[in-house]
Amino acid sequence: MPTNARRRAIGAFRTQRRQPPAAAVVVVSPLGRRTHQRRTPRAASAMTYQLYRNTTLGNTLQESLDELIQIQQISPNLALRVLLQFDRAINQALATKVRTKISFKASKLNTYRFCDNVWTFLMSDVEFKEVQDFAQVDKLKIVACDGRGEDTRQR
Amino acid sequence: MEVSAEQVEQAVVEFYRDPVAKSGLNTWLMQAQHSRHSWTFAWPLLDPRKPEEVQFFAGNTVYMKVSRYWHEVPKEEYEPLKIKILNLIAQYSNSKVVLNRLVKSLGAYVIHTIQHDWTTAIQDIITMFDPGTVPGIEPSTALNLLFSILTIIPEELETMQEAMSINSKDKQVITAAVRNSHQSVLSLISQVMQAAQISNVIKEVVLKTLNAWLKLSLPLSETRDLLVALIPYSNYALLCEPVMEALRTAVTDVGTYNIPNTVMDFVTQMLRLRPVLEEAQHANDENTASLVYSLFTSVVECHSRLLLQCALQAEHQATVVQVVALLLQCAATPGQYPTDETTSNIPFAVWFTIQDDIMTFEGEQQAELLQLFQPVYLKLVDTFIQKSLLPPDNALSAEEKEMFRCYRQDICDTYMYAYYVLRGDMLSHLEVHLKDAVVKMQSDPTDWRYLEAVLHAYSSVAETVAETDNFYVPRFIQSIPQIPFSDNIQLISVALTTLGAYADWLNYHQDHMHHVIPLMVEGLVNASLVGAASQALRDLTLECPLTISPFSQPILTSCQRALEQSRLDSAETERIMTIISRVLSVGKDQPTIMTYLNATLTPYISRLSQLKDLMGSGLSREQHNELVSLLKLLSCMSRHLNLNNTAVEEDDDEDGTTRRHSQAVSGGPQPLLLVLQQLMPLLSAIASKASTDQEVIEALCKLLKNSISTLVDDCVAILPAILEIIPQLYEASLNPAILDLVKQLVILFGREGSQEANMGVLLRMVTTTTLSRASTDLWAHTDAVHGCLALLTASFKKTPNLVSAHHNHVAPLFHLGVEALKLPEEGTVRSAGHFLSSFILLSRDASIGCLQPVVAHNTETLLRTLMFCICNSPRHSLSSFSDVLSALCKMYGDDLTRTFKTVQADESFLSPRVTAQHKEEFAKKVLKNRGSKRRILEAVTDLALIGRGLAGTDYGAQTRGFH
């Protein structure tokens, strides 16, 4: 991955609703080959999604909490509070602090689906580009949720 | 343990005095706090004569006990407890620290009792702390105290679910009970806010109380009058923020979506804040201006669709237009961001929201809205061009530059949203700006920033316009050669980047290519521009492989000159090599390609050869980096120099692997093959000398992998050399990059008669080496184990014949997979899971008889390992364990039933948390649901929670989906 500028190091992106294009929006051209990602505008109040628990950071935190509970250093209730705080903090941070634009182009969009307001894209042979840096990955999965605040989405 | 007040007092004092004993005392004090004795020892310690830290500890203990240990309080003790807390609050009314704890205790008390036992709590508290009647407390203190308590109650409601173990259903009931008293609180707030003799300091506290109550979702119809009456208070610096906060909470509440008319009416009233804003601007009060702008930004973000619907109605249109104008004014705040102002960035999200919602309307309504918002977005484009002007050099610090970069990025995104509303109008508008900027530049070449900002705008919409525009984009592209760049490097760089962004459009408009190629080609031979020019040309060659073909000669000549003249960094050299390879891949005959490649590659290959010779005596750091860069350069070439790239026929396998016919269109061998045939002896020599150098191995493997992908079947000609290099490297280093390469080869050639034997030998070498080297210390070679098991899984699926050919390896490999399940790395465990599942599923295949006995003899070991890992390994690997269990269930159900019984009989296994009954239930669930992977995963998750002592806890329930 390129090293300059702030970027999200977590394999999930924010998005907007309805259209595939959004926070980490993936746009598919009529040819079905071209994709690029855009950053969403900041939400008024970040939604506390739990999907970031399934990231390196979230998994590691849960492992640590499991361990601390087992050696009786913290109670399960406290662990839950820590986890909920993690949800809040990471949603807030990703909604307000990330300003990097990374575009990518995939040779092939294998699967896409929109279920329960969540877009999922599976693609292969993807090249990421940020200004003059490139990174190549064989397979990519994008899970994109509505990046707006909870209040806004409840309409 | 028996704990007295004296002991606790002594321990607290010691805790603050003795740093050595701190840790031990902390544990003791926490235990004391959680014990039932704390109900007794806390009260005597709440004595003003005691040390302050002791009083604080006691206050904290009371709060903790009331909030979390309410179940220990007998019903008859409710009233005495309330009186104790209320008396202490009165007693500590002037001691802020302890008072806060006591007020929170009262808040927790109210939450526990308001439902059944103290239903009039709020009204009673208002009466009790009435400043006119409460004895012994100053009226202002009493008022402060009253509102502190009224603030704490809704705040405690927010935290009670986590802190007080109250479930969400009870929380709703309690919230409703508290909310029922809102009228008396609102009336009190209204009275106090109107009272002239009350200070703004108290009014600030009152507004915080109001905000806390508004968060309980009070109906806007009931709070509207009070909130509107608060607007004039925003003139006072101290009250501005809490007033705005209260307005925001009220207008963005979820309940407001059901009362659109009230909301619109309220938004109209909110426009009375405009004089406040004007006054703030007049006084250069950025803080107040930001607060007002943020409030209106929230309104639009929350109610954009409602506002758009109202914009279609004559009676409300003016309000909407005024709100949007206010935000437009915010975006156009004069001065340089972020040094002169930091408000213009506030409404960025609004411009997206509006355009997004406009697009949800249909037909005439959408057309009407687009017409209404067209001038808004055109003005926005004008504003952004001004606001994105680059500041003079050195005007910003490094941190400010970064903020400005982010700001320009937001502008860049917003241009795209503006384009969705304006379409051709935007490009027409940009064209006017472009002409103005060129005129300015012509009259004064130092005035280039305007032109740069316009080009930035063009580049922002490049991917959005795509190939659809046939009027404005051509005119823009045609105008490029006429722009007087005056050798301004920064400007030309932006122009190059912009043109690169239009690569996709150019692919569909070949006739415009000649306008852009000269600038790029010239840029390549300028040391200051080569970065941007190579980037733009790379984009062009990737997007337009065919359309760029007529310009190949000047491009190749410039690339050659760039490589000869400039001191390029490795990224630039790689980009130029990509350009060369892509250009040579289309429309050239083989002799031409080879002539060009010889001229280009010879210096690099000679240098590679020199470095190889120097390797014997050891390379310096620089030489080593140069060697890696050269391999990466060749790797770039091997990826892109593909004569079939544009005339590709694809034939997808079921796993998505693409096999291509590799013979060149011309009928001769691919030029890459000819290069590699020359190069392989050199690569072999490097491999033998750098067999433990991880960086070199990875670069070399990447080069070979790319070459195989490009050549596919044609690489048979260099296969012997590759098969010679691989064992040499793997035996020396166990690098996973080599396994990746082997996987590619095995999948490609494992089923072909002529190479099947070679692939078998290769696979045998890899497994033998991994087993002998990695098995002794799996933790140190987890990546090799990961790679090896992934390779074997792929082989099971694609070439099972290869794995089963080596009978004596099968059992040790199965054991390796089982042992790998215990490793901590998620990737390795996943790989082991896939391997074992594939192994088990394939083992019943009659044609591969050697696998079945291995599984049958090791079922118990595998089951014990799985159950142990389920209870002890990181939980994100549970799905891997579940997959193996599912496979075992499916193929060896009867064996598994017997094995479960043996495991259950071993009482010491997984004890003490997992009892024999737990094991029995787990076995039942697994065997009963052998057809359902999801249910088996549920059973595995249940066991994992039991094994960690998390079953039945909220935390356990919330983290069930961990895997």
Side-chain angles (χ1 to χ4, degrees), chain A residues 5-6 16-19 21-22 27 29-30 34 36 38-45 50 53-54 56 58-60 62-63 65-67 69-70 72 75-81 83-84 99-101 103 105 107-108 110 124-125 127 129 131-134 136 139 148-152 154-155, chain B residues 68 162-163 165 252-254 257 297-298 301-306 348-353 356 359-360 402 405-407 409-410 412-414 416-417 463-464 466 497 504 531-532 534-535 539 542 571-572 574-575 639 656 658 826 874-876 948-950 953-956 958-959 961-963:
Chain A
R6 283 173 282 168
Q16 306 151 359
R17 69 209 154 89
R18 287 192 290 274
Q19 299 286 336
V27 179
S29 80
R34 183 177 183 75
H36 73 263
R38 279 182 238 138
R39 197 182 55 71
T40 25
R42 272 158 293 162
S45 57
Q50 296 184 353
R53 290 181 187 179
N54 197 18
T56 304
N59 281 336
T60 313
Q62 286 175 88
E63 265 180 63
L65 292 173
D66 278 11
E67 203 173 318
I69 293 169
Q70 284 180 72
Q72 297 183 331
S75 67
N77 268 351
L78 180 57
L80 185 58
R81 289 185 72 174
L83 202 58
L84 294 174
R99 288 296 213 307
T100 306
K101 182 176 178 176
S103 55
K105 188 178 173 185
S107 296
K108 195 169 180 183
N110 297 318
S124 51
D125 193 13
E127 184 181 87
K129 189 172 90 174
V131 196
Q132 300 198 358
D133 294 320
F134 297 93
Q136 186 80 24
K139 286 181 183 173
R148 296 194 193 189
E150 184 176 16
D151 297 344
T152 318
Q154 287 185 358
R155 281 178 290 174
Chain B
R68 290 201 225 165
E162 294 158 26
S165 305
T252 59
D253 186 74
V254 178
Y257 295 124
T297 301
S298 300
E301 279 197 299
C302 249
H303 297 289
S304 61
R305 199 171 157 81
L306 169 66
F348 271 129
V350 158
W351 312 120
F352 162 76
T353 309
D356 192 39
M359 298 308 160
T360 62
E402 174 60 10
R405 184 191 70 77
C406 294
Y407 180 75
Q409 186 61 61
D410 283 334
C412 176
D413 288 352
T414 312
M416 278 198 301
Y417 311 139
E463 292 187 356
T464 318
T497 308
D504 191 35
S534 59
Q535 176 70 55
D539 287 347
L542 291 177
E572 287 162 350
E574 279 177 35
R575 281 203 292 270
R639 179 161 177 244
T658 302
E826 188 186 359
R875 276 197 281 160
H876 49 66
R948 288 166 176 76
L950 300 175
T953 65
D954 279 354
Y955 173 75
Q958 276 260 341
T959 54
F962 192 163
H963 35 80

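Since the model is a prediction, treat every value here as computed from it, not as a measurement. Just so you know, these numbers use all the heavy atoms, side chains as well, and skip hydrogens, waters and symmetry mates. Throughout, a chain's letter reflects where its sequence line sits, starting with A, and its residues are numbered from 1.
With chain A as the partner, the residue from B/T297, B/D539, B/T414 showing the most heavy-atom pairs under 4.5 Å is B/D539.
With a threshold of 4.5 angstrom between heavy atoms, A/Q72 does not approach chain B through any atom at all. If you measure heavy-atom distances from A/E67 to chain B, you find no contacts under 4.5 Å at all. Proximity to chain A (any heavy atom under 4.5 Å) is restricted, for B/E826, to the side chain, taken from C-beta onward. In this structure, chain B has no heavy atom under 4.5 Å from any part of A/L78.
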Inset, instruction - Given side chain to side chain contact (heavy atoms under 4.5 Å, CB included), test A/D125 with A/Q136 step by step and report yes or no. - result: CA-CA 7 Å; A/D125 193 13; A/Q136 186 80 24; 2.7 Å; yes
Inset, instruction - Start with the C-alpha gap between A/Q62 and A/L83, add the side-chain angles, then the distance that decides, and say whether side chain to side chain contact (heavy atoms under 4.5 Å, CB included) holds. - result: CA-CA 8 Å; A/Q62 286 175 88; A/L83 202 58; 3.6 Å; yes
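The shortest side-chain heavy-atom distance between A/Q70 and A/D66 falls under the 4.5 Å cut-off. Counting heavy atoms from C-beta on, the side chains of A/Q50 and B/Q958 come closer than 4.5 Å. Between B/L542 and A/E127 the shortest side-chain heavy-atom distance falls below 4.5 Å.
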